[in-house]
Structures are given as structure tokens and as C-alpha cells.
Amino acid sequence: ARFNVAGFYNDFRGQQISQFIGGFFQRVSVDAEIYGMDATLDWVPMDDTYVYFGMGYLDAKITKGVLGAADVGNALPGAPDWNFKFSLRRDWHINNGTLGAIVDGRYSSQRFFDVANTFPDEEYFVLNLNAFYQFGPEERYRISLYGKNVLDTDYAHNGFDGLSPG
């Protein structure tokens with residue numbers, strides 16, 4: 001097994017963030033303090049079984065901003081406090097090839113898309129499934145059946161709020 005852990009601290013001055021404010025994209029300059037930690041575990045509990053677990057904690061706050069647009073204490077956009085990832089893989093060696101199954105998923109706590117912290121993306125969990133068969137010389141060929149987001153979780157990669165009817 002291999003376990004890694006890392007902590008970090010960053011103090012940003014004059015960080016430029018592009019935001020949609022009042023119907024227009026504007027650049028907002030903020031100072032921010034970011035600290036957190038990451039931890040991962042890679043483990044092979046038995047032959048042909050692989051386990052991965054990762055987690056992260058992040059505290060990313062504005063320390064100097066623009067009143068009403070990026071208030072002190074607001075979270076930086078796209079910065080969830082918690083995230084977790086896992087993967088479980090099992091291989092079976094059969095007929096001059098390898099049959100395998102993978103289950104993986106990720107969780108993210110709530111985050112905001114804007115510096116004003118008015119447009120949140122709620123926490124979410126995504127689960128993926130994969131079954132495959134590898135074969136041929138040095139197992140260079142692979143046939144896979146893959147299910148992405150099998151729980152049909154709604155989540156966003158990015159977003160902005162502020163469109164008004166005209």
C-alpha cells in the first residue's frame with residue numbers, strides 16, 4: 001500500500017477573475033488565501049485487485065475584494081470544500097487475455113460559480129462502471145463496455161448567472 005498526504009498554503013494578491021456581472025463579463029481583482037490538504041491511498045489487497053481512494057480539503061476565501069461583487073470571506077469560484085474519489089478494479093486472466101471490471105466515483109461538496117457566492121452548484125456524486133476484455137499480443141487490444149454517470153447525476157462544470165430579459 002502507498003499513502004500520500006500533502007498540505008498547502010497560497011496567498012494570492014491581485015488575482016484576476018472573469019465574472020458575469022450586470023449583463024457583462026467583467027474582470028474582478030481579489031486577494032485570496034487558499035489552504036488545504038490532499039491524501040491518496042493506493043492499495044493492492046490481493047493479486048489482480050486494485051483500490052484507490054483520494055480526498056481533498058480546500059479553504060479558498062477572498063481576503064480583499066470589491067464590495068458587493070467579491071466580499072471578504074466569500075469562497076473563490078469553483079472551489080468546493082471537500083472532494084472524494086475512489087476506484088476499485090478487479091482483473092481475471094482467462095483465454096490468453098484479461099477480463100476486468102472497474103467501479104469508480106467522485107463526490108464534490110457545494111461550490112460557487114461566482115465571487116459574490118450567489119450562484120451555487122450543489123454537492124454531487126458521480127458513479128462510473130467499466131467492463132473490459134484485453135487480448136492479443138501483449139494484450140494490446142481492448143474491448144470495453146463503459147457506463148458514465150450511471151446514476152444520472154445532474155451537475156455543472158461551469159456556469160454564470162445574471163442574464164436578464166431584454
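Note that the coordinates shown come from a computational prediction; the quantities given were computed from them, not determined experimentally.
- For the pair P77/V115, a side-chain contact is recorded, criterion being any heavy-atom separation below 4.5 Å from C-beta on.
- One distance of note links OG of S109 with CG of D81; it measures 5.0 Å at 0.5 Å rounding.
- Note: the hydrophobic cluster containing Y146 does not contain V126 (ILVMFWY, side chain heavy atoms under 4.5 Å, direct or indirect links).
- Contact check for L76 versus I62: side-chain heavy atoms found under the 4.5 Å cut-off.
- Under the 4.5 Å side-chain criterion, counting only non-hydrogen atoms from C-beta, R106 is in contact with Y124.
- Within a 6.0 Å radius of CG in N4, other residues, nucleotides and ligands contribute more than 12 heavy atoms.
- At a threshold of 4.5 Å between non-hydrogen side-chain atoms, the residues S144 and N130 count as touching.
- Crowding of R27 atom CZ: a count of heavy atoms from other residues, nucleotides or ligands under 6.0 Å not exceeding 12.
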Please table the atom pairs, donor to acceptor, closer than 3.5 Å between any side-chain atom in residues 34-42 and protein atoms at least two apart or in another chain.
residue, atom, partner, partner atom, Å
Y35, OH, D59, OD2, 3.2
D42, OD2, R2, NH2, 3.1

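- When all heavy atoms are compared, the tightest approach of A156 to D121 is O-OD2, 3.3 Å.
- Heavy atoms of other residues, nucleotides or ligands lying less than 6.0 angstrom from NZ of K61 number more than 12.
- A heavy-atom distance below 4.5 Å is not found between the side chains of V44 and T49.
- Put simply, F84 and I102 are part of two different groups of oily side chains (I, L, V, M, F, W, Y) that touch within less than 4.5 Å, one to the next.
- Between L129 and V103, the shortest heavy-atom contact is CD2-CG2, 3.8 Å.
- Using a 4.5 Å cut-off between side-chain heavy atoms of Ile, Leu, Val, Met, Phe, Trp and Tyr, with links allowed through other members, L145 and L99 fall into different hydrophobic clusters.
- Under the 4.5 Å side-chain criterion, counting only non-hydrogen atoms from C-beta, L58 is in contact with F8.
- Considering all non-hydrogen atoms of both residues, N117 and A75 come closest at OD1-N, 2.7 Å.
- Heavy-atom minimum distance, R142 versus F132: NH2-CD2, 3.0 Å.
- A side-chain donor-acceptor contact under 3.5 Å links Q16 to the backbone of G14.
- The CG atom of D114 lies 8.0 Å from the CZ atom of F119; values are rounded to the nearest 0.5 Å.
- Using cut-offs of 30° and 60° on the angle between ring planes, the pair Y57 and W82 is tilted.
- Note on M46 and W43: separate hydrophobic clusters, where clusters join Ile, Leu, Val, Met, Phe, Trp and Tyr whose side-chain heavy atoms are under 4.5 Å apart, directly or indirectly.
- R13 approaches D31 most closely through the heavy-atom pair CA-OD1, 3.3 Å.
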Show which side-chain atoms of residues 86-95 pair as donor or acceptor with protein atoms under 3.5 Å away, not counting sequence neighbours.
residue, atom, partner, partner atom, Å
R89, NE, D91, OD1, 2.9
R89, NE, D91, OD2, 3.3
R89, NH2, D91, OD1, 3.4
R89, NH2, D91, OD2, 3.2
R90, NH1, D47, O, 3.1
R90, NH1, D48, O, 3.4
H93, ND1, T98, OG1, 3.1
H93, NE2, D48, OD1, 3.0
H93, NE2, D48, OD2, 3.4

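- Closest approach of Y141 to G136, counting heavy atoms only: CD1-CA, 3.9 Å.
- Y52 and Y50 have their aromatic ring centers separated by at least 6.0 angstrom.
- At a cut-off of 3.5 Å, with distance as the only test, no side-chain donor of Y155 or E123 sits close to an acceptor on the other residue.
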